[in-house]
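From a predicted model like this one, the values you see are computed outputs, not experimental measurements. Proteins come first, then strands; the chains are lettered A, B, ... in the order of their sequence lines, and each starts at number 1.
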Protein chains: 2
Amino acid sequence: MATLREVARLAGVSVTTASRVLNDTDRDHPVSDATRAAVTTAAETAGYRRSAAARALKNGRSRLIGVIASDVLDPYFAEMTRGIEVAAAAAGYVTVLANANRDPYQERSRFQVLREHGAAGIVFCGSDIDGAPGTAELAREVNHAMRDGTDVISLAPRGFAATEIVIDNEASSYDLTTHLLDLGNRQIAFVGGLPGLVAAEMRISGYRRAMYNQDRLPRVAGLDGMSQISGRAATERLLASATRPDAIICTNDETAIGALAAIWQAGLRIPEDIAIAGIGGTDTGRVFDLTSIELPLAELGRLAVECIVTHSTPVPPEYRLRLGRTTAPRNPIA
Amino acid sequence: MATLREVARLAGVSVTTASRVLNDTDRDHPVSDATRAAVTTAAETAGYRRSAAARALKNGRSRLIGVIASDVLDPYFAEMTRGIEVAAAAAGYVTVLANANRDPYQERSRFQVLREHGAAGIVFCGSDIDGAPGTAELAREVNHAMRDGTDVISLAPRGFAATEIVIDNEASSYDLTTHLLDLGNRQIAFVGGLPGLVAAEMRISGYRRAMYNQDRLPRVAGLDGMSQISGRAATERLLASATRPDAIICTNDETAIGALAAIWQAGLRIPEDIAIAGIGGTDTGRVFDLTSIELPLAELGRLAVECIVTHSTPVPPEYRLRLGRTTAPRNPIA
DNA sequence: TTGTAAGCGTTATCAT
DNA sequence: ATGATAACGCTTACAA
């Protein structure tokens with residue numbers, strides 16, 4: 001791989017001049033057109049590619065943006081990741097992906113590696129589990145990194161002191177529940193979550209508040225996952241229970257898709273027999289015309305990158321309610 | 001951030017010794033226990049993190065593995081990516097994600113950046129579109145990289161000379177079609193694809209071969225995408241047509257999910273009125289009990305990493321037919 | 001068993 | 001407008 005020195009020799013100039021022509025930052029340094037052309041040509045014919053390693057070493061920082069996601073397979077995080085990747089690429093950065101399974105120890109080890117690579121910023125996608133072992137160590141590591149000038153962003157509520165760009169989970173769930181109540185649903189169950197998972201618990205809180213508000217009894221089921229399969233299992237259990245709910249609010253679109261699968265296989269009609277709503281607003285939800293709280297996932301990713309690149313403090317965007325065909329006004333049977 | 005020199009000073013040894021203790025490669029160099037302990041402690045207290053940039057510069061290679069995916073949001077590629085990420089992390093590598101939208105120019109620019117970072121290997125997830133502009137330039141870039149010792153792996157059929165770890169698309173589709181015919185389906189349509197997309201066209205070929213084999217007329221529809229939404233749209237059109245097929249084979253699980261959505265919303269029964277099958281074997285398909293060709297996606301990712309790390313030439317794993325509840329034996333109406 | 005020193009490719013400082 | 005040179009933090013022959 002051709003180096004700057006080789007290009008310089010080929011163009012008959014010093015490495016300094018070659019660097020000035022080929023560099024992003026020093027582009028405006030006065031260089032004669034002839035020299036500039038010579039260097040450009042030389043770089044072209046030599047097949048020159050600058051060394052990111054050398055630049056990173058020299059600058060003390062790389063143009064890497066780390067993403068630590070709870071689950072890369074979950075479209076919720078995948079859409080965030082994609083938003084980050086696209087924005088990062090546009091800004092000349094590169095996205096490093098790390099999967100952490102909501103385990104603070106894994107998060108920390110991935111975080112450390114990202115730090116070793118001199119990442120310009122590190123973005124957490126996914127909230128933490130209250131009291132999970134390793135949380136304190138992770139927090140310390142994050143603090144060190146931030147002292148070193150690494151931007152740490154979180155796109156979900158976290159216990160450590162990162163810059164948070166977070167949607168109001170409680171309020172969004174409250175709004176969604178209230179909407180379903182206003183449609184005439186009486187027995188609304190909430191499905192999905194993970195014990196201690198902060199974002200999920202905030203959604204449950206919002207649901208509870210809305211239910212109590214209209215004197216209805218909350219019913220939470222299936223606190224055993226955020227995936228399609230756990231949503232399906234929980235819904236199957238609900239359908240088999242003595243009193244079937246007339247609506248289910250799911251902790252995210254994934255569990256909602258699982259709920260749809262369960263209901264269809266049980267031969268029930270949606271929304272006549274049972275209404276379904278999710279939280280997330282992912283593409284898959286859209287295909288099934290799922291009523292959902294639409295969160296600007298890709299936009300959150302874009303904002304995180306903006307925050308890292310320009311050191312700004314962005315305002316989190318709003319969510320909105322998307323009305324699909326999995327809910328409809330219900331005539332209360334007197 | 002503490003450097004090796006600082007650690008060495010703190011431990012009262014030379015940088016060489018410090019390096020030897022903290023290094024992966026030179027771990028077995030003879031160092032006295034006392035010295036070793038001193039260095040370890042010093043590194044600990046100084047909060048030492050080695051610089052990946054310096055190592056990469058010195059070694060001429062980084063421990064980065066690049067992934068160029070057609071669409072990170074498609075679970076098909078997301079599962080591959082996750083397989084790569086997990087295997088890479090286990091081997092002490094880090095995964096760089098790049099989204100390329102099946103555009104050779106984007107693929108090339110991402111590839112170049114990956115090369116600038118001295119990636120140990122670059123993995124392509126997704127096949128190419130026959131004759132797409134930019135293909136030749138990409139191929140040249142790939143050749144350069146391979147000459148430089150960068151491992152280039154492709155997990156889908158591609159026009160350039162990378163190491164391919166690819167499932168037999170034609171055969172898998174042939175097998176699936178034959179299975180549906182054997183179940184008694186007569187009018188089997190094929191849905192999904194993109195004009196020129198090699199992997200998709202191979203699947204269509206397999207379908208055609210199986211159909212002709214049993215004297216049935218092939219019917220291909222919806223060559224306008226590989227996504228859920230395009231699968232839904234194509235299926236809606238099929239349902240509205242004069243002769244409704246009794247089974248649909250989809251180019252991938254995503255379009256199959258879209259087909260399910262369309263059929264459910266049309267109020268038809270699956271598999272009684274119409275049977276559905278996909279190709280891919282992703283998690284979402286599993287939730288819907290979709291009959292599908294199960295491809296070892298994560299395993300392909302793992303193999304790619306193995307190939308890069310150990311320079312082996314792995315054997316591509318086999319696919320298998322997964323029987324779900326979206327197909328069933330059909331009693332031919334005489 | 002430990003240390004010295006060169007050099008990886010780039011950029012920044014300071015001349016010219 | 002251009003160039004010489006010294007770092008950046010690490011690895012590794014080569015010495016001791």
Atom [atom1] of [X] to atom [atom2] of [N]: distance rounded to whole Å?
X        : N      : atom1 : atom2 : answer
B/Leu57  : D/dT11 : CG    : C1'   : 11 Å
B/Arg61  : D/dT11 : CZ    : C1'   : 17 Å
B/Leu22  : D/dT12 : CG    : P     : 14 Å
A/His117 : D/dG9  : NE2   : C1'   : 15 Å
B/Met1   : D/dC8  : CE    : P     : 16 Å

Do B/Thr17 and B/Ser14 meet the criterion of a side-chain donor-acceptor pair at a distance under 3.5 Å? yes

Ignoring hydrogens and geometry beyond distance, is a side-chain donor-acceptor pair present between A/Glu85 and B/Asn99 at under 3.5 Å? no

Contact under 4.0 Å: A/Ser14 side-chain N or O vs D/dT2 OP1/OP2: no

Between [X] and [Y], does any side-chain N to carboxylate O distance fall below 4.0 Å?
X        : Y        : answer
A/Glu137 : A/Arg140 : no
A/Glu107 : A/Arg158 : yes
A/Arg115 : A/Glu141 : yes

Sub-4.5 Å side-chain heavy-atom contact between A/Leu114 and A/His117: no

If you measure from CZ on B/Arg82 to CG on A/Asp71, what distance do you get to the nearest 0.5 Å? 5.0 Å

B/S/- along nucleotides 10-16 of chain C (protein heavy atoms under 4.0 Å) is BBB----

Work out how much the helix from C/dT1-D/dA16 to C/dT16-D/dA1 bends between its end axes, five pairs an end, to the nearest 10 degrees. 40°

Member of A/Val67, A/Val123, A/Leu64 meeting the side chain to side chain contact (heavy atoms under 4.5 Å, CB included) criterion with A/Thr95: A/Val67

